[in-house]
Each structure stands twice: as structure tokens, then as C-alpha cells.
Amino acid sequence: MSLIVTTAHKPATAVTQLARDIAARLGVPFVPRDRSLAAIKEKYADCDLIVAAANGPVIHTAAGEYFFHLSMAELRIKNLINGKHDHMVNAMGLRAGMSVLDCTLGLATDAIVASFVAGAQGAVTGLESSPAIALITGYGLQQVTVDSDVDITGSLRRIQVENTAYDQYLTTLADNSFDIVYFDPMFRNPLYKSSNVNPIRTLANMNPLTPAAVQQACRVARHKVVVKEAAGSAEFVRLGLLTVLGGKYSRVQYGVIDCRSKMGNGGQPWSV
Ligand SMILES: C[S@@+](CC[C@H](N)C(=O)[O-])C[C@H]1O[C@@H](n2cnc3c(N)ncnc32)[C@H](O)[C@@H]1O
């Protein structure tokens, strides 16, 4: 599906400039807002649409709208502060000062939680291959301010976004260059109900995670490679993830490879 960029109704000059900048960055047409949004959608029926507005860009797809928001990140951070477990953080063994490579940034919900735990001494890099998703998420991480007792805004700002595919990017990294390498690919069997990923489904990279990428990740990770999937997914076995963690009643689980000795799979050198 192709993409066009327009503005909200009666845009301020800065909003028009934002729309033009986005169009230029993505290499897609800028369409002036000379009619209703419904009329633009009708005229460009075969396109997804980015609408630049005063509070940031919004993607309109057939499946819904995506604008940057914290989703469950804020609640998960508050739960952590209140001493509750977060299954992703536990699976990663994540602590302050660690570095995380999130290979599938998406809406950055997981990356924000990781960035909060890693703190100012840690680092989170998020890779996203979809230019439109990387743009909206990257914009939000740099521009949105969160009104909270704890410094969630700082956690957003510290995430470094790279619009690139992990498959190639991982091969460019030195051994042991991140503590944790994390994947949350589009699930093979999506949990459609109430999934906050629904609006980006048509824009997202749907390719499955490959054993080769997991192997690269294990080379790059000093501590752990963690893969999120639907609970009970056959992907865990296919990818050679023998340790699977998560809540008893949770709809998702985390496959973990401990890379510290580069010996996974029950003491054998890690391979699938
Ligand atoms: C399920 S979403 C991730 C959600 C994310 N963990 C969060 O908390 O918001 C998967 C994302 O990974 C991206 N993706 C899939 N394959 C990729 C690849 N090879 N390289 C980079 N990004 C990829 C998709 O485009 C999509 O945005």
C-alpha cells in the first residue's frame, strides 16, 4: 500500500512544514488539505495516510489510527515501582545500567519499559524496518512529554531509533555489543482481540524471525536473547528457544537464550 501525507484542517504553518518534512523524509507525496479528510481518503483510496496535526503525526490505515501513545508502558512502569513483576523485565534479567537492542521497536511500549529499568546509565536502541512506524514512534519518543511523578519522559528520550531491518543490522555489530537482544515479531497467529498492534498491521514487517537472526543475536548479546511470542507458540521450538518464561495465565511468553557462555541448548554450543 502506498502512502501520502497531508495536514489537519486549517493547519498552522508549522504543521504544514511538519507534513512537508515527513513527506520528504519518506519520499512520498504531500497532498495539501484542500478538502475533507473523508474526501482525501476517497480520492486516494489505495493509500495509507499520514495526517500531520499540532500534537504530532497520525497514520490512518484501514485497520485504524496510529499516533504515538504510551499504551501499557506507564502502567507497567508504575507496577514495577510498586514492586510488582514485569514478565519481560524478568525474562531479560534487566537491571539498571544494562544495554538493550530492541530489534522490533513497533510502538516502543516494551522499549520504554526497558529504558526506564536500564535508566540513565543504561541504553536502549530500537530498530524498526517500517519507515512510517519508525517515523511516528521516533517522533513521539523525542517530542511527547509525560506528566508523571517519575521520569518517564527521560526514558522516552534516551531510546535511540534506527529505521532499519535487524536482519542486516545485527551482522554489522561486534560480538557482545549489547547486554540484551530482544525480539517481539508480528505473531504468526495474531492475538487480534484488543491488540494495540492492530492499526500498524498493514504497515508492519510481517516476516518471521529466522534461526539465522537468532544466531546473530546470540553473538551480539552479552547476556540474553529474548523472544516474545503468543503463549504456546510453535515458534519457540522452531527457533530453538528451550527456556520459555511468562505468567501462568498470560497470553504471551518469552523464549530466552542465556548467551553468557555462548553455550545454550543445555550446554551445547548454541545453534538451531
Ligand atoms: C509486534 S510489533 C513490536 C511491538 C513492540 N514490542 C512494542 O512494545 O510496541 C513488531 C514490530 O517489529 C517490526 N519488525 C518486524 N520485522 C522487523 C525487522 N526484520 N527489522 C526491524 N523491524 C521489524 C514490525 O514492523 C513491527 O513494527
Side-chain angles (χ1 to χ4, degrees), residues 1 3 26 48 59 61 63-64 66-77 86-89 91-92 94 100-118 124-141 144 152 155-156 159-173 178 180-217 220 225-231 233 235 239 246 250-255:
M1 177 86 80
L3 200 59
L26 298 180
D48 288 323
I59 297 183
T61 72
Y66 171 48
F67 52 91
F68 180 82
H69 55 91
L70 289 181
S71 186
M72 292 296 287
E74 191 167 7
L75 180 65
R76 286 172 62 187
I77 288 171
D86 183 278
H87 293 302
M88 180 197 77
V89 172
M92 289 178 173
L94 187 59
V100 178
L101 178 66
D102 180 348
C103 289
T104 50
L105 181 68
L107 323 175
T109 311
D110 290 331
I112 294 167
V113 175
S115 177
F116 178 80
V117 175
V124 175
T125 299
L127 312 181
E128 174 54 58
S129 61
S130 158
I133 297 171
L135 181 122
I136 303 280
T137 299
Y139 180 93
L141 290 172
V144 167
I152 297 179
S155 308
L156 269 55
I159 298 170
Q160 189 191 328
V161 178
E162 301 284 349
N163 176 205
T164 187
Y166 60 69
D167 321 63
Q168 208 277 326
Y169 190 86
L170 280 168
T171 64
T172 67
L173 296 174
F178 284 86
I180 314 289
V181 179
Y182 177 66
F183 298 94
D184 173 14
M186 300 299 285
F187 290 171
R188 295 300 92 198
N189 296 307
L191 307 169
Y192 282 111
K193 261 192 219 161
S194 75
S195 169
N196 58 358
V197 172
N198 282 343
I200 64 163
R201 207 168 285 286
T202 55
L203 300 163
N205 181 337
M206 303 297 285
N207 293 341
L209 182 54
T210 61
V214 175
Q215 206 151 10
Q216 279 294 328
V220 166
V225 172
V226 177
V227 179
K228 179 171 161 184
E229 252 297 343
S233 171
E235 288 294 274
L239 295 166
S250 177
R251 295 193 305 162
V252 301
Q253 287 178 317
Y254 299 88

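For ligands, and for the atoms within them, numbers begin at 1 and follow the listed sequence.
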Taking only non-hydrogen atoms of Thr164 and a 4.0 Å limit, the atoms of ligand 1 in range are 20 (N), 21 (C)
Does ligand 1 have any atom that is closer than 4.0 Å to a heavy atom of Ile133? yes
Let me confirm one number: the CG-CG distance from Asp86 to Leu94, rounded to the nearest 0.5 Å. 9.5 Å
Looking only at N/O atoms, are Asp110 and ligand 1 under 3.5 Å apart anywhere? yes
Where is the nearest protein heavy atom to atom 5 (C) of ligand 1: which residue, which atom, and how far? Leu105 O, 3.3 Å
dist Glu235:CD -> Phe187:CZ (nearest 0.5 Å) comes out at 10.5 Å
Between Thr104, Thr109, Asn163, flag the one that comes closest to atom 12 (O) of ligand 1 by a heavy atom. Thr104
Could you tell me whether Asp102 and ligand 1 have an N or O pair separated by under 3.5 Å? no
I need the nearest protein heavy-atom contact for atom 10 (C) of ligand 1: residue, atom name and distance, please. Asp184 O, 3.2 Å
Looking only at protein heavy atoms, which one is nearest to atom 20 (N) of ligand 1, and what is the separation? Tyr166 N, 3.0 Å
In terms of atom number and element, which parts of ligand 1 are under 4.0 angstrom from non-hydrogen atoms of Ala165? 20 (N), 21 (C)
What I want to know is whether Ile200 and ligand 1 share at least one N or O pair that is separated by under 3.5 angstrom. no
Tyr182 versus ligand 1: do any nitrogen or oxygen atoms come within less than 3.5 Å of each other? no
At their closest point, which heavy atom of Val220 faces which heavy atom of Leu170, and how far apart are they? CG2-O, 3.8 Å
Go through it in stages, so that I can follow the logic: the residues are Leu107 and Tyr66, the test is side-chain contact (heavy atoms from CB on, under 4.5 Å), and I'd like the CA-CA distance, side-chain angles, deciding distance and then a yes or no. CA-CA 9 Å; Leu107 323 175; Tyr66 171 48; 3.5 Å; yes
shortest atom 19 (N) of ligand 1-to-protein heavy-atom contact is with Asp167 OD1, 2.8 Å
List the steps, then state whether side-chain contact (heavy atoms from CB on, under 4.5 Å) holds for Lys228 with Asp110. CA-CA 10 Å; Lys228 179 171 161 184; Asp110 290 331; 3.3 Å; yes
At a 4.0 Å threshold, what atoms of ligand 1 neighbour a non-hydrogen atom of Ala204? 24 (C), 25 (O), 26 (C)
Atom CD in Gln160, atom OG1 in Thr125: separation rounded to 0.5 Å? 4.5 Å
For ligand 1, is Thr137 a contact, meaning one of its heavy atoms is under 4.0 Å away? no
Can you report which non-hydrogen protein atom sits closest to atom 14 (N) of ligand 1, along with the distance? Asn205 CB, 3.8 Å
Do me a favour and list the nearest non-hydrogen protein atom to atom 27 (O) of ligand 1 with residue, atom name and distance? Glu128 OE1, 2.6 Å
Return the minimal non-hydrogen interatomic distance between Ser155 and Phe116, and the atom names on each side. OG-CA, 3.4 Å
Heavy-atom neighbours of Tyr139 OH exceed 12 at 6.0 Å: yes
Go through the steps for Leu156 and Leu70 under the test side-chain contact (heavy atoms from CB on, under 4.5 Å), then give the verdict. CA-CA 10 Å; Leu156 269 55; Leu70 289 181; 3.9 Å; yes
Under 3.5 Å, N or O to N or O, is Ala108 touching ligand 1 that way? yes
Is the count of non-hydrogen atoms from other residues, nucleotides or ligands lying under 6.0 Å from Met72 atom CE greater than 12? no
How close do Thr202 and Pro199 get, heavy atom to heavy atom, and via which atoms? OG1-O, 4.5 Å
Counting heavy atoms only, name the option from Gly106, Gly126, Ser129, Ala213 that's nearest to atom 21 (C) of ligand 1. Ser129
